[in-house]
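The structure appears right after this line, and notes come after that.
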2 protein chains.
Amino acid sequence: MSGTTVRVLVVDDHPVVRSGLVGMLAVEPDLDVVGEAADGQAAVDLAARLRPDVVLMDLRMPVLDGVGATAALTAGAPGGGPAPRVVVLTTYDTDADILRAVEAGATGYLLKDTPRDELVRSVRAAARGQTVLTPTVATRLVGSVRTSAERLTPREAQVLGLVAEGLSNAEVGRALFIGEATVKTHLLRSFAKLGVDDRTGAVTEARRRGWLA
Amino acid sequence: MSGTTVRVLVVDDHPVVRSGLVGMLAVEPDLDVVGEAADGQAAVDLAARLRPDVVLMDLRMPVLDGVGATAALTAGAPGGGPAPRVVVLTTYDTDADILRAVEAGATGYLLKDTPRDELVRSVRAAARGQTVLTPTVATRLVGSVRTSAERLTPREAQVLGLVAEGLSNAEVGRALFIGEATVKTHLLRSFAKLGVDDRTGAVTEARRRGWLA
DNA sequence: CCAGGGGTCCACCGGACGGTGGACCCACCG
DNA sequence: CGGTGGGTCCACCGTCCGGTGGACCCCTGG
């Protein structure tokens, strides 16, 4: 990082949120907002030019979402040089968002209801390479690690996804070129992993955990 | 309203969003942000004291949500006087949110991805009593009016809600003190109204339309 | 090598669900 | 007053789903 000031890039598709973040950070003398982007692709392009120390990134964005952009940024800058620290800043705290962001290489995960001073402190901490997590997120993260063996297999997720669309077992079978009995087996295994005992409960629970589109 | 300046109250539980809105509006000479609130109850209390012309209101908030606060505000100030115009400003654009907000008396409905200048114009228009709707919202609104005959009855919504929780027909029947056969009838009528033919599809479709919690 | 585990696949029952038909009550209206 | 319509309720079938048991394949490690 350049001297003692932290170079920050703000990425969010909502103008209101960008304005709020810039306003909150700009008054801090040691924080310097060097740019803004409205989608993930623009963020990656801008980061390559501006070389920020910290990227504040929303997850739900058009063109390229926050997870993809985070992965691209933490993979390393194309011209060499240090990769920026990515702090995810989102409204939601579902398991899937957290896991996907952390897997993509995010240094921090904050919710948008974070108060101003905590946000500022988090940006400074992230610049030093420290991991920053809101308590809610930390709890969910350890919870998901604890039950990590309970993830759905690709096939199970695929079947459950079609069931969520309202397809019957026979229809799912025809769609995937497998027998109806097989569809039922995948669903049963999904039920066990989700802790429910019927298809409707499975869909709502999977949706709650963010395992479904 | 007092002279030519518009008095605005900003209501959102996210500090970032409040900061962004204040920053966007404060630079306009004819707009005066007279206060901020972090939940619906605080908004109602503050509005009674500050007498704003326009209230920019989020929907998802603790204590008292945006719909309740909107209803309280548009019902009229306790000391008499004109009720403020409420402009709902939210992330989501589901039918239920729109309908509930409009029914509660909202003058406008904007999404948080609204660009800055459109937001400013909307606040001025709302102060004059004009209705402001984003195109997406307007489309959904006429769509929901068009299919207004297709709304679920209270009992049907109640049954479908329990089914969404994963309850079986028999369990729903016991919970509501009705026979299992009756539960099925309510579900079948729901299926017809939603254009689906099984419980899982009904739950996802109802959720998509915002007819479910 | 083969033993073990995870993932995917399938056949067979009992109970639950989707569908039809009809009853009752109440509000509205000619 | 009787008729009409909507909302809620229920009984009876045929079908589909939830549950058990077991097969196969691939990969990994002893």
Side-chain angles (χ1 to χ4, degrees), chain A residues 96 99 103 144-209 211-212, chain B residues 99 144-209 211-212:
Chain A
L99 273 182
E103 286 170 357
S144 66
V145 168
R146 186 173 46 75
T147 62
S148 63
E150 299 290 314
R151 289 256 274 296
L152 296 184
T153 69
R155 204 57 162 174
E156 288 162 359
Q158 192 177 20
V159 168
L160 189 55
L162 291 177
V163 167
E165 308 289 343
L167 297 191
S168 70
N169 288 345
E171 288 169 335
V172 172
R174 280 193 294 273
L176 300 180
F177 304 104
I178 58 179
E180 179 184 347
T182 308
V183 174
K184 296 180 184 179
T185 304
H186 288 305
L187 283 179
L188 285 175
R189 295 177 65 86
S190 304
F191 296 169
K193 291 181 180 179
L194 290 165
V196 300
D197 53 0
D198 71 56
R199 59 209 291 112
T200 309
V203 169
T204 59
E205 179 63 17
R207 229 178 257 289
R208 193 188 67 76
R209 299 196 193 181
W211 293 359
L212 246 49
Chain B
L99 274 182
S144 68
V145 168
R146 185 172 47 75
T147 62
S148 63
E150 298 290 316
R151 288 257 270 299
L152 296 183
T153 69
R155 204 58 162 171
E156 287 161 359
Q158 193 177 19
V159 169
L160 189 55
L162 291 177
V163 167
E165 308 289 342
L167 297 192
S168 69
N169 288 344
E171 287 169 335
V172 172
R174 280 194 295 274
L176 300 180
F177 304 104
I178 58 180
E180 180 184 346
T182 309
V183 174
K184 296 179 184 178
T185 305
H186 288 306
L187 283 178
L188 285 176
R189 296 177 63 86
S190 305
F191 295 170
K193 291 180 180 179
L194 290 165
V196 300
D197 53 1
D198 71 56
R199 60 210 288 112
T200 308
V203 169
T204 60
E205 179 63 17
R207 228 179 258 289
R208 192 186 68 75
R209 301 194 192 182
W211 293 358
L212 245 51

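Every chain is numbered from 1, with letters handed out A, B, ... down the list of sequences.
For B:Glu171, the side chain to side chain contact (heavy atoms under 4.5 Å, CB included) partners are B:Leu167, B:Ser168, B:Arg174, not counting sequence neighbours. Every residue meeting the side chain to side chain contact (heavy atoms under 4.5 Å, CB included) condition with B:Asp198, not counting sequence neighbours, appears here in chain and number order: B:Thr200. Qualifying side chain to side chain contact (heavy atoms under 4.5 Å, CB included) partners for A:Leu176, counting only residues two or more places apart in sequence or in other chains: A:Arg155, A:Gln158, A:Val159, A:Leu162, A:Val172, A:Ile178. For A:Arg189, the side chain to side chain contact (heavy atoms under 4.5 Å, CB included) test picks out A:Glu156, A:Thr185, with sequence neighbours left out.
Across all strands, A:Thr182 comes closer than 4.0 Å to base atoms (heavy-atom distances). Using a 4.0 Å heavy-atom criterion, one finds that A:Arg199 contacts the sugar-phosphate atoms exclusively. Contact annotation for A:Ile178: backbone-only contact, meaning every heavy-atom pair under 4.0 Å involves sugar-phosphate atoms and none involves a base.
Of all heavy-atom pairs between B:Leu160 and B:Ala202, the closest is CD1-CB, 4.0 Å. When every heavy atom of B:Glu205 is checked against every heavy atom of B:Val196, the shortest pair comes out as CB-CG1, 4.2 Å.
Under the 4.5 Å side-chain criterion, counting only non-hydrogen atoms from C-beta, A:Leu187 is in contact with A:Asn169.
Residues from residues 168-175 of chain B that place a heavy atom under 4.0 Å from any atom of DNA chain D: there are none.
Comparing A:Leu167 and B:Glu180, the nucleotide of DNA chain D nearest to each residue sits closer to the 5' end for B:Glu180.
Once you apply a 4.0 Å limit to the heavy atoms of chain B, the touched nucleotides of DNA chain D run 5' to 3' over D:dG7 to D:dA11.
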Is there a side chain to side chain contact (heavy atoms under 4.5 Å, CB included) between B:Thr204 and B:Arg208? Walk through the geometry before answering. CA-CA 6 Å; B:Thr204 60; B:Arg208 192 186 68 75; over 6 Å; no

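Between B:Arg189 atom CZ and C:dG18 atom P the separation is 16 Å, expressed in whole Å. Look at CG on B:Asp198: it is 8 Å from P on C:dG19, rounded to the nearest Å. At whole-Å resolution of the value, NZ in B:Lys193 and P in C:dG18 are 17 Å apart. Atoms CD (A:Gln158) and P (C:dG7) sit 15 Å apart, rounded to a whole Å.
Taken from CG in B:Leu194 to CZ in B:Arg199, the straight-line distance is 13.5 Å, to the nearest 0.5 Å.
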